[in-house]
Amino acid sequence: MGIFPDEVILQVLARLPVKPLFKNKTVCKLWYRLVSDKYFIKLYNEVSAKNLMVLIETSGSPESRSSLVCVDNLRGVSEVSLDFLKDRVKVRASCNGLLCCSSIPDKGVYYVCNPMTRDFKLLPRCRERPVTRFYPDGEATLVGLACDVSKNKFNVVLAGYHRTFGHRPDGTFICLIFDSDSNKWKKFVSHRDDHFTHMNKNQVVFVNGALHWLTGSCSYILALDLDYDVWRKISLPDEVSYGTGNRVYLLDSDGCLSLIQISDAWMNIWVMKDYEKEVWYMVDRVSLRCIRGLVPGIFPIAQTGECIFLATHKQILVYHQKSRVWKEMYSVKNSASLPLWFSAYAFRSTIFPSD
């Protein structure tokens with residue numbers, strides 16, 4: 001056996017959850033070097049990208065620190081703590097194994113962390129003047145996290161309508177972008193009139209070097225190109241309509257934009273196969289007859305080409321597309337103050353190199 005174990009052992013280790021993998025770092029120097037090795041990190045992230053999970057932020061007492069429930073299609077349910085942040089935080093975005101969290105007691109403080117390895121970075125405060133506020137409550141309307149594990153970098157985006165102290169909002173849309181390479185924020189200003197629901201804000205998708213949000217009217221997708229710092233609109237499929245009993249959600253499906261359209265009886269799944277030409281294809285049409293009673297309160301959270309995670313008030317369900325089987329993955333017995341879908345995020349376990 002050379003410097004590292006042979007390929008078979010690497011393939012086995014690449015299928016371990018992150019937590020026991022990092023516990024192995026203490027076994028010997030070989031394992032310690034392994035979880036820092038670029039080839040193994042690439043292999044691990046490629047394997048884990050196929051295993052989608054859902055993270056649910058559980059609501060405890062106002063004084064308690066945040067904890068998460070991880071619903072894993074392969075390994076079941078486990079608890080994840082964010083106590084290593086030493087702060088009370090709210091999860092704002094999830095991307096490729098990293099979370100962006102905002103401090104609850106200290107507005108304007110943001111963290112990016114890997115909840116599995118417990119690594120984190122406290123972001124420097126952006127130098128916005130105190131008289132300049134996001135409208136209406138000082139919080140950014142949109143919070144996005146773009147994590148590129150292949151380049152070992154991430155961006156955090158805070159965007160919202162501008163209000164100068166003592167004045168009404170004037171349609172000015174401020175966008176602040178943090179770059180992990182430079183460890184600095186940059187800012188650009190535009191004029192927009194977009195509005196977003198709670199689920200629109202939660203379901204931000206990073207593909208093709210851009211962050212994407214579905215607008216509240218469900219008339220188009222708003223995309224932020226992180227290479228050129230420009231906003232652009234992406235059209236929805238002509239067949240997708242928004243109205244009574246017809247809801248639309250934006251997800252990531254194996255690196256492609258995906259729209260899920262839910263009506264009383266059907267769930268239509270669209271995937272953008274050609275990003276440059278904005279070409280959509282309907283890839284599946286799923287009958288909702290066997291979960292009919294849950295349909296009004298069900299929300300898609302995460303998706304691959306093989307399964308879809310959906311959340312209700314008290315349950316996480318998974319739909320397997322090949323077998324067309326529904327399965328309950330998680331449920332809460334107590335009367336939770338907030339529904340599960342309110343704070344559920346797609347998640348993939350990754351190793352993000354620290355150097």
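All heavy atoms count here, side chains included; hydrogens, waters and symmetry mates do not.
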Visitor: What residues, two or more places apart in sequence or in another chain, satisfy side-chain contact (heavy atoms from CB on, under 4.5 Å) together with Lys184?
Guide: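 Testing Lys184 for side-chain contact (heavy atoms from CB on, under 4.5 Å), a comparison that skips the adjacent residues, returns Ser182.
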
Visitor: Kindly write out the residues that satisfy side-chain contact (heavy atoms from CB on, under 4.5 Å) with Val325, not counting sequence neighbours, or none if the list is empty.
Guide: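 Checked Val325 against side-chain contact (heavy atoms from CB on, under 4.5 Å); matches are Ser323.
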
Visitor: Got a sec, which residues hit side-chain hydrogen bond (donor to acceptor under 3.5 Å, both in side chains) with Asn183, two or more places apart in sequence or on another chain?
Guide: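 If we apply the side-chain hydrogen bond (donor to acceptor under 3.5 Å, both in side chains) test to Asn183, skipping adjacent residues, the hits are Lys121.
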
Visitor: Are the side chain of Ser343 and the backbone of Glu57 linked by a donor-acceptor contact shorter than 3.5 Å?
Guide: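 Yes, because the side chain of Ser343 sits within donor-acceptor range (under 3.5 Å) of the backbone of Glu57.
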
Visitor: With sequence neighbours left out, what residues match Ser235 under side-chain hydrogen bond (donor to acceptor under 3.5 Å, both in side chains)?
Guide: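 Residues passing side-chain hydrogen bond (donor to acceptor under 3.5 Å, both in side chains) with Ser235: none at all.
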
Visitor: For Lys151, is there any backbone N or O sitting under 3.5 Å from a side-chain donor or acceptor partner on Asp148?
Guide: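 Here the side-chain-to-backbone pair exists.
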
Visitor: For the pair Asp179 and Lys186, find out whether any cationic side-chain nitrogen is under 4.0 Å from an anionic carboxylate oxygen.
Guide: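 Looking at Lys186 together with Asp179, the answer is no, because their closest N to O distance does not fall below 4.0 Å.
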
Visitor: Relative to each other, are the rings of Trp326 and Tyr319 parallel, tilted or perpendicular (30° and 60° limits)?
Guide: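 It falls in the tilted class, 30° to 60°.
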
Visitor: Step by step, work out the side chain to side chain donor-acceptor pair (under 3.5 Å) result for Ser103 and Asp87.
Guide: CA-CA 7 Å; Ser103 172; Asp87 194 356; 2.9 Å; yes

Visitor: Ignoring hydrogens, what is the shortest heavy-atom contact between Asp284 and Val286? Give both atom names and the distance.
Guide: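 Between these two residues, the closest heavy atoms are OD2-CG2, 3.8 Å.
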
Visitor: Applying side-chain hydrogen bond (donor to acceptor under 3.5 Å, both in side chains), name anything that partners Ser219, two or more places apart in sequence or on another chain.
Guide: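 Expected list: Ser217.
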
Visitor: Verify whether the ring centers belonging to Phe299 and His198 lie closer than 6.0 Å.
Guide: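 No.
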
Visitor: Treating Ser253 as the side-chain partner and Cys256 as the backbone partner, does any N or O pair qualify as donor plus acceptor under 3.5 Å?
Guide: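 A pair under 3.5 Å: no.
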
Visitor: Hey, does the side chain of Asn268 reach the backbone of Gln261 with a donor-acceptor pair shorter than 3.5 angstrom?
Guide: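 Looks like no, no N/O pair under 3.5 Å.
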
Visitor: Does the distance from a Lys or Arg side-chain N to an Asp or Glu carboxylate O, for Glu328 and Lys314, drop under 4.0 Å?
Guide: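 Salt bridge: no.
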
Visitor: Can you confirm whether Arg232 is buried at CZ, in the sense that more than 12 heavy atoms of other residues, nucleotides or ligands lie under 6.0 Å from that atom?
Guide: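 Count over threshold, so yes.
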
Visitor: Indicate yes or no: does Asp83 engage Arg118 in a salt bridge with an N to O separation below 4.0 Å.
Guide: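 Here Asp83 pairs with Arg118 in a salt bridge, since their nearest N and O are under 4.0 Å apart.
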
Visitor: Just verifying a value: how many Å separate Ile56 CD1 and Glu79 CD, rounded to the nearest 0.5 Å?
Guide: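 Here the rounded value is 11.0 Å.
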
Visitor: Looking at Asp264 and Arg247, does any basic side-chain N land under 4.0 Å from a carboxylate oxygen?
Guide: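 The answer is no: the pair does not qualify as a salt bridge.
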
Visitor: Around atom NZ of Lys153, are there more than 12 heavy atoms from other residues, nucleotides or ligands closer than 6.0 Å?
Guide: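 Count over threshold, so yes.
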
Visitor: Would you say the side-chain atoms of His320 pair up with the backbone N or O of Val318, donor to acceptor, closer than 3.5 Å?
Guide: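 Flag not set: sc His320 to bb Val318 has no pair under 3.5 Å.
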
Visitor: If you compare all heavy atoms of Met53 against all heavy atoms of Ala302, which two are closest, and at what distance to 0.1 Å?
Guide: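 Minimum heavy-atom contact is O-CB, 4.3 Å.
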
Visitor: Kindly write out the residues that satisfy side-chain hydrogen bond (donor to acceptor under 3.5 Å, both in side chains) with Tyr220, not counting sequence neighbours, or none if the list is empty.
Guide: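 side-chain hydrogen bond (donor to acceptor under 3.5 Å, both in side chains) check on Tyr220 returns Asp194.
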
Visitor: Sub-3.5 Å donor-acceptor pair from the side chain of Asn114 to the main-chain atoms of Leu98, do we have one?
Guide: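 The answer is no, because no donor-acceptor pair under 3.5 Å joins these two groups.
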
Visitor: Could you tell me how the ring of Phe188 sits relative to the ring of Trp231: parallel (under 30°), tilted (30 to 60°) or perpendicular (over 60°)?
Guide: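 Correct class here is tilted.
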
Visitor: Main chain of Phe342, side chain of Asn202: is a donor-acceptor contact present, judged purely on distance under 3.5 Å?
Guide: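 Yes; at least one donor-acceptor contact below 3.5 Å.
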
Visitor: So which atom in Leu122 and which in Phe120 form the shortest heavy-atom distance, rounded to 0.1 Å?
Guide: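 What the structure gives for the nearest pair is N-CD1, 4.1 Å.
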
Visitor: Can you see which heavy atom on Ile301 is nearest to which on Ala346, and at what distance?
Guide: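 Shortest heavy-atom separation between Ile301 and Ala346 comes out as O-CB, 3.8 Å.
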
